[in-house]
Amino acid sequence: MYGQLLPVLVLLVLGALGPWGQESGPGGPLEEPPEQVPEEDGILVLSQHTLGLALREHPALLVEFYAPWCGHCKALAPEYSKAAALLAAESAKARLAKVEGPAEPELTEEFAVTEYPTLKFFQDGNRAHPEEYTGPQEAEGIAEWLRRRVGSSATRLEDEEGAQALIDAQDVVVIGFFQDLQDEDVATFLALARDALDMTFGLTDRLKLFQKFGLTKDTIVLFKKFDEGRADFPVDQELGLDQGDLSQFLLVHSMHLVTEFNSQTSPKIFAAKILNHLLLFINQTLSSHRELLVLFVVVDVAAGNDHVLQYFGLKAKEAPTLRFINMETTKKFSPEAGEPFTAASVTTFCHAVLSGKIQPYRLSQEVPPDWDQRPVKTLVGKNFEQVAFDETKNVFVKFYAPWCTHCKEMAPTWQTLAEKYKDHKDIIIAELDATANELAFVVHGFPTLKYFPAGPGRKVIEYKSSRDLESFSRFLDSGGELPAEEPPEEPAAPLSKTPANSTMEPKEEL
């Protein structure tokens with residue numbers, strides 16, 4: 001009997017597998033891998049089934065992992081499409097692609113995608129080790145980032161005519177003069193050039209070019225159409241070329257001596273790691289103010305820089321004025337009121353700050369007349385010390401920022417707490433706007449809660465427990481300590497265990 005059934009079973013199995021042993025489904029055999037990758041606005045649309053094909057067809061592939069609900073992805077989309085069009089117009093080898101992350105969990109897991117958008121660069125079909133994209137978010141920057149990976153990141157210069165043409169073409173041009181282009185220092189130079197997209201790079205080993213620019217040994221020269229016009233970075237003959245040192249050199253010397261603060265220049269200002277900044281606040285709509293453009297960083301008070309004014313405790317009507325800041329200590333310095341603006345007075349002011357002859361100032365709002373008339377007392381820089389370190393009072397202070405969502409959410413609870421303890425003569429519930437008032441200590445996050453207990457010694461206790469009325473009350477009633485809670489009893493046998501859902505958060509914008 002079994003012998004009679006065997007041929008039938010074999011036929012059934014073969015029929016189920018279909019031609020060549022392929023498994024059949026309700027609609028017949030599985031679909032063959034697609035012969036072409038679909039496109040959308042010049043961008044390849046990839047899935048788990050088409051990524052391998054795209055990697056085989058395109059030796060340079062930038063892939064964006066996105067989510068339909070991600071606001072940052074939506075903002076990037078038009079720039080990404082423009083970059084694809086730019087590269088297509090010049091017949092570049094690089095292509096752009098995208099993957100809808102939530103719909104392709106296998107790919108997001110394979111490439112460790114944890115946030116959107118995430119961009120990865122695949123070269124020569126290498127699927128195992130893609131390069132993380134950390135370049136600009138606008139079209140020309142994306143295209144240039146790719147150009148410097150599929151081609152040379154620096155132009156090879158053979159003669160004086162070519163070198164001068166390159167120097168004349170851009171405001172900032174960096175040329176590496178190397179006696180041996182096979183030296184490892186050249187590789188370091190080219191690696192830096194791949195990511196320094198705001199500069200144009202060239203390199204040469206021609207003796208006549210060494211002589212034209214007065215060089216006798218390997219040197220990186222930054223040519224610029226402003227200020228002193230040129231800055232040299234000699235290569236250490238023993239230690240070789242350090243990429244970090246060269247990067248810092250190029251960043252600092254590519255900046256104008258007078259740099260106007262705006263959204264384009266601010267990243268370079270802060271990345272330059274120059275500790276001491278002198279800021280001149282002026283109104284560029286006034287001709288008398290424009291004549292004061294003499295030194296360092298210029299902040300135009302008529303150009304939407306209110307956040308900078310607030311940081312220094314200034315109002316637009318106070319311009320023109322100067323402020324000096326040390327970026328490491330955040331200490332701020334101001335010249336004498338009424339000091340005239342001349343090259344000599346500015347120089348004197350800077351020397352006085354650096355030599356310690358001028359004391360820093362701290363921001364403080366004026367003490368409101370009714371600061372202590374409501375349940376939540378209002379503290380500012382000028383009355384903080386007197387109130388917080390009153391030896392007869394226990395003072396609980398909320399340090400907040402007006403724009404902080406968490407601070408706003410906690411405000412009703414803080415108000416209720418103050419009302420609860422308003423009749424306790426030895427307890428004060430207070431708040432201080434830490435963005436407008438500076439203290440001896442730095443507040444790093446918002447809201448920050450600190451408790452200043454009564455008694456000598458200027459003690460400070462930072463509150464880090466639950467932010468609800470009951471926890472606050474127990475903290476105050478115990479004199480600044482939260483009593484230990486007994487751990488909740490665990491159920492003997494949980495009925496079910498549901499894994500927590502995980503969501504990917506969009507990347508923060510810089």
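Nothing fancy with the numbering, it's 1 onward along the sequence. All values reported here derive from a predicted model rather than from experimental measurement.
Distance check, rounded to the nearest 0.5 Å: CZ of Phe333 to CG of Asn326 gives 7.0 Å. The structure places CG of Leu314 at 10.5 Å from CG of Leu322, a figure rounded to the nearest 0.5 Å. Between the CD1 atom of Ile461 and the CG atom of Asn394 there is a distance of 9.0 Å, given to the nearest 0.5 Å. The line from CZ of Phe223 to CG of Asp171 is 14.5 Å long, rounded to the nearest 0.5 Å. With rounding to the nearest 0.5 Å, the separation of NZ in Lys459 from NZ in Lys450 is 16.0 Å. The CD atom of Gln365 lies 10.0 Å from the CG atom of Asn383; values are rounded to the nearest 0.5 Å.
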Derivation of the side-chain contact (heavy atoms from CB on, under 4.5 Å) call for Asp236 and Leu241
CA-CA 6 Å; Asp236 192 301; Leu241 185 61; over 6 Å; no
Pair Arg230, Leu222 - check side-chain contact (heavy atoms from CB on, under 4.5 Å), show working.
CA-CA 6 Å; Arg230 169 177 170 173; Leu222 184 146; over 6 Å; no
Would Val172 and Leu250 count as a side-chain contact (heavy atoms from CB on, under 4.5 Å) here? Give the steps.
CA-CA 10 Å; Val172 177; Leu250 296 180; over 6 Å; no
Evaluate Gln386 against Asp390 for side-chain hydrogen bond (donor to acceptor under 3.5 Å, both in side chains), listing each step before the verdict.
CA-CA 6 Å; Gln386 178 185 356; Asp390 184 339; over 6 Å; no
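With Phe312 as the aromatic partner, Arg323 does not meet the cation-pi criteria of under 6.0 angstrom to the ring centre and within 45 degrees of the ring axis. A cation-pi arrangement is absent between Arg148 and Trp145 under the rule of less than 6.0 angstrom and at most 45 degrees off the ring axis.
Checked against the 6.0 Å centroid criterion, the rings of Phe65 and Tyr116 do not qualify as a close aromatic pair. You'll find the ring centres of Phe249 and Phe233 inside the 6.0 Å limit.
Under 4.0 Å is where a charged nitrogen must lie from a carboxylate oxygen, and between Lys82 and Glu140 no such pair does. Classification of Arg149 and Asp195 as a salt-bridged pair holds, one side-chain N sitting under 4.0 Å from a carboxylate O. Between Glu131 and Lys120 no salt bridge is recorded (no basic side-chain N to carboxylate O distance below 4.0 Å). Contact check on Glu90 versus Arg147 returns a salt bridge, with a Lys/Arg side-chain nitrogen under 4.0 Å from an Asp/Glu carboxylate oxygen. Taking a cutoff of 4.0 Å between a charged side-chain nitrogen and a carboxylate oxygen, Lys422 and Glu419 do not qualify as a salt bridge. Between Arg458 and Glu385 there is a salt bridge, since a side-chain N of the basic residue sits under 4.0 Å from a carboxylate O of the acidic one.
With Asn437 as the partner, the side chain to side chain contact (heavy atoms under 4.5 Å, CB included) test is satisfied by one option alone out of Val443, Leu363, Val380: Val380. Tyr133 pairs with exactly one of Thr118, Ile142, Leu146, Val63 by the side chain to side chain contact (heavy atoms under 4.5 Å, CB included) rule, that one being Ile142.
Of all non-hydrogen atoms in Ile220 and Gly176, the two that sit nearest each other are CD1-CA, 3.9 Å. Here the closest non-hydrogen pair linking Cys73 and Cys70 is SG-SG, 2.9 Å. In this structure, Asn283 and Ala302 approach most closely via the heavy-atom pair OD1-CB, 3.3 Å. Of all heavy-atom pairs between Thr413 and Leu469, the closest is CG2-N, 3.7 Å. The shortest heavy-atom contact between Ala84 and Gly42 is CB-O, 3.8 Å. When every heavy atom of Glu391 is checked against every heavy atom of Ala454, the shortest pair comes out as O-CB, 3.3 Å.
Legend: side chain to side chain donor-acceptor pair (under 3.5 Å) pairs involving residues 348-357, not counting sequence neighbours: none detected. Pairs passing the ring-ring contact (aromatic ring centres under 6.0 Å, His included) check and including a residue from residues 401-433, sequence neighbours excluded, read Phe396-Trp414, Trp403-Phe446, Trp414-Phe472, Tyr421-His424.
Using modelled atom types, one finds no donor on one side chain facing an acceptor on the other under 3.5 Å when comparing Thr188 with Asp185. No donor-acceptor contact under 3.5 angstrom links the side chains of Gln310 and Asp306, judged on distance only. Side-chain atoms of Ser254 and Lys224 form no donor-acceptor pair, as typed in the model, at a separation below 3.5 Å. For the residue pair Arg194 and Ser153, no side-chain donor N or O sits within less than 3.5 Å of a side-chain acceptor on the partner.
Glu161 CD: 12 or fewer foreign heavy atoms inside a 6.0 Å radius. In Glu462, the CD atom is crowded: over 12 heavy atoms of neighbouring residues, nucleotides or ligands sit closer than 6.0 Å.
Using modelled atom types, one side-chain atom of Asp468 and one backbone atom of Glu470 make a donor-acceptor pair closer than 3.5 Å. Looking at Lys331, its side chain never comes within 3.5 Å of a backbone N or O of Tyr361 through a donor-acceptor pair. The backbone N or O of Ile43 lies less than 3.5 Å from no partner atom in the side chain of Tyr80, so there is not a single donor-acceptor pair. A donor-acceptor pair under 3.5 Å is absent between the side-chain atoms of Ser247 and the main chain of Gln243, judged by distance alone. Asn305 contributes a side-chain N or O that, together with a main-chain N or O of Asp300, makes up a donor-acceptor pair within less than 3.5 Å. Here the side chain of Thr219 pairs no donor or acceptor atom with the backbone of Val221 at under 3.5 angstrom. Using a distance-only test at 3.5 Å, with no hydrogens or angles considered, no donor-acceptor pair links the side chain of Asp370 to the main chain of Gln373.
Partners of Arg362 under the side-chain hydrogen bond (donor to acceptor under 3.5 Å, both in side chains) rule, at least two apart in sequence or in another chain, do not exist in this structure. Checked against side-chain hydrogen bond (donor to acceptor under 3.5 Å, both in side chains), Lys377 has no partners two or more places apart in sequence or in another chain. With sequence neighbours excluded, the residues satisfying side-chain hydrogen bond (donor to acceptor under 3.5 Å, both in side chains) with Glu438 are Lys332. A search for side-chain hydrogen bond (donor to acceptor under 3.5 Å, both in side chains) contacts involving Thr435 returns Asp433, not counting sequence neighbours.
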